[in-house]
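Working notes, structure below.
A quick note: this is a predicted structure, and the numbers were derived from the prediction, not measured. Residue numbers begin at 1 in each chain, while the letters A, B, ... track the order of the sequences.
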There are 2 protein chains.
Amino acid sequence: MSRTTLSKFKKKALTKVSVKKEYEALSPAYKLRKKLIALRQKAGLTQEQIATVLHTQKSNISRLENANSTNSPKLSTIEEYAQAVGYEVEIKFIPTQKNT
Amino acid sequence: MSRTTLSKFKKKALTKVSVKKEYEALSPAYKLRKKLIALRQKAGLTQEQIATVLHTQKSNISRLENANSTNSPKLSTIEEYAQAVGYEVEIKFIPTQKNT
DNA sequence: TATAGAGTTATCATAGTTGATAACTCCGAA
DNA sequence: TTCGGAGTTATCAACTATGATAACTCTATA
């Protein structure tokens, strides 16, 4: 094992991570979390304040906003969060270009 | 108990049901199910065909499309269904008029 | 530096969704 | 009237999101 091999490995790993992040950025779940945080900050609320309104804990709000990609919240959870920051949810379906 | 009482009871019950239906029709969950069914029919697919694509059973697809108002599907479930009918999901947040 | 506020992470129990199977209704076509 | 396709409903197991608690980091500020 040379130092070159190690640095190659690191480089490869980092590339994978960045690719993964880019990929996740496109997912609806990722966009959703970004939106949730933006709406909360726009409303001037802390996670703890939202937690109080929804009768839960701030740790759970943090988890909702930062859930890793393997988790997927329930629609009702998103709706409740939205209500707490003064919004309601609409689900839109956008056609994908399957056949060229 | 007269027949008049019975008919009054029925009338009242029906009124309640209709009110309930109207209320549910406004919920995002209800709108979602209507959209899911519309998209599937537009794509010319049966519940069983979607079930095959998603590696599940037609009974589960039926449940998703007809879930009663107490159930709330996961976001990932909605996304998978959308993909099967050729769409992707976007979640929109619409401001509610809280203070007049 | 120490104190408080805001947010994160880990953990476990509980509640709820989903997977899978089976039996059922309904409807149109042979 | 029979038959098969499409959809519904019920049930239970397996899986996963959420509730709740605690300990932690980070930052601003006194």
Side-chain angles (χ1 to χ4, degrees), chain A residues 17 20-21 24-25 27-89 91 93, chain B residues 17 20-21 24-25 27-89 91 93:
Chain A
V17 168
K20 190 183 175 193
K21 276 190 182 173
E24 287 177 353
S27 75
Y30 182 85
K31 290 184 187 172
L32 170 66
R33 293 181 224 121
K34 301 285 278 188
K35 282 187 188 176
L36 290 181
I37 296 174
L39 291 179
R40 178 171 62 81
Q41 292 176 341
K42 191 176 176 183
L45 298 174
T46 65
Q47 290 181 346
E48 195 161 22
Q49 286 174 318
I50 291 192
T52 300
V53 173
L54 299 183
H55 302 97
T56 183
Q57 285 69 37
K58 65 174 183 173
S59 59
N60 297 327
I61 301 300
S62 175
R63 180 175 53 194
L64 176 63
E65 292 181 353
N66 294 294
N68 63 66
S69 56
T70 64
N71 285 19
S72 188
K74 294 199 297 176
L75 176 58
S76 60
T77 304
I78 300 170
E79 288 170 1
E80 288 165 8
Y81 185 106
Q83 188 183 1
V85 294
Y87 289 78
E88 60 182 26
V89 173
I91 298 184
F93 292 91
Chain B
V17 168
K20 190 184 176 193
K21 278 190 182 174
E24 287 178 351
S27 75
Y30 181 85
K31 288 184 187 174
L32 170 66
R33 293 181 222 119
K34 301 285 277 188
K35 282 187 188 177
L36 291 181
I37 296 175
L39 291 181
R40 178 171 61 80
Q41 292 175 342
K42 191 177 176 183
L45 297 174
T46 66
Q47 291 181 345
E48 195 162 21
Q49 287 174 317
I50 291 191
T52 300
V53 172
L54 300 182
H55 302 97
T56 183
Q57 285 69 38
K58 64 175 184 174
S59 60
N60 297 327
I61 301 300
S62 175
R63 179 174 54 193
L64 177 61
E65 292 181 352
N66 295 293
N68 62 66
S69 56
T70 65
N71 285 20
S72 189
K74 294 199 296 176
L75 177 58
S76 59
T77 305
I78 300 170
E79 288 171 1
E80 288 165 7
Y81 184 106
Q83 188 183 1
V85 295
Y87 288 78
E88 60 181 28
V89 173
I91 299 184
F93 293 91

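Nearest-nucleotide positions on DNA chain C place A:Glu65 closer to the 5' end than the other of A:Glu65 and B:Glu80.
Between the C1' atom of D:dT16 and the CG atom of B:Leu75 lies a distance of 14 Å, rounded to the nearest Å. The distance from atom CD of B:Glu48 to atom P of D:dT8 is 13 Å, rounded to the nearest whole Å. In this structure, B:Ile61 places its CD1 atom 15 Å from P of C:dT21, rounding to the nearest Å. If you take CG of A:Leu64 and P of D:dA20, they are 15 Å apart, rounded to a whole angstrom. For A:Arg33 and C:dG7, the CZ to C1' distance is 16 Å, given to the nearest whole Å. Across the protein-nucleic acid pair, B:His55 atom NE2 and C:dT21 atom P stand 14 Å apart, rounded to whole Å. In this structure, A:Ile50 atom CD1 and D:dT18 atom C1' are separated by 16 Å, rounded to whole Å. The interatomic distance linking A:Gln41 (CD) with C:dG7 (P) rounds to 8 Å, in whole Å.
The shortest distance between the side-chain N/O atoms of B:Thr56 and the OP1/OP2 oxygens of C:dG19 is below 4.0 Å. Between B:Asn66 and the phosphate of D:dT8, there is a side-chain N or O to OP1/OP2 separation shorter than 4.0 Å. Between D:dA20 and A:Gln57, a contact under 4.0 Å exists linking OP1 or OP2 to a side-chain N or O. Not one side-chain nitrogen or oxygen of A:Gln47 sits closer than 4.0 Å to the OP1 or OP2 atom of C:dA6. The shortest distance between the side-chain N/O atoms of A:Ser62 and the OP1/OP2 oxygens of C:dG7 is not below 4.0 Å. Checking the phosphate oxygens (OP1, OP2) of D:dA17, no side-chain nitrogen or oxygen of A:Lys74 falls inside 4.0 Å.
The two residues B:Glu79 and B:Val89 make their nearest non-hydrogen contact at CA-CG2, 3.9 Å. For B:Ile37 against B:Tyr81, the heavy-atom pair with the smallest separation is N-OH, 4.2 Å.
For A:Arg63 against D:dG19, a side-chain N or O and a base N or O form a donor-acceptor pair under 3.5 Å.
In this structure, of C:dA6, C:dA20, C:dT18, it is C:dT18 that holds the atom nearest to the side chain of B:Thr77. Distances from the side chain of A:Asn71 to the nucleotides C:dA22, D:dA17, C:dT8 place D:dA17 closest.
Summarising the geometry, atom CG belonging to A:Leu36 is positioned 4.5 Å from atom CZ belonging to B:Phe93; distances are rounded to the nearest 0.5 Å.
Between the side chains of B:Glu88 and B:Gln83, no donor N or O sits under 3.5 Å from an acceptor N or O.
Residue contacts for A:Thr70: at a heavy-atom cut-off of 4.0 Å it reaches the sugar-phosphate backbone alone, with no base atom in range. Residue contacts for B:Asn60: at a heavy-atom cut-off of 4.0 Å it reaches a base atom on one of the strands shown.
Comment: A:Glu65 engages A:Arg40 in a salt bridge, judged by a side-chain N to carboxylate O separation of less than 4.0 angstrom.
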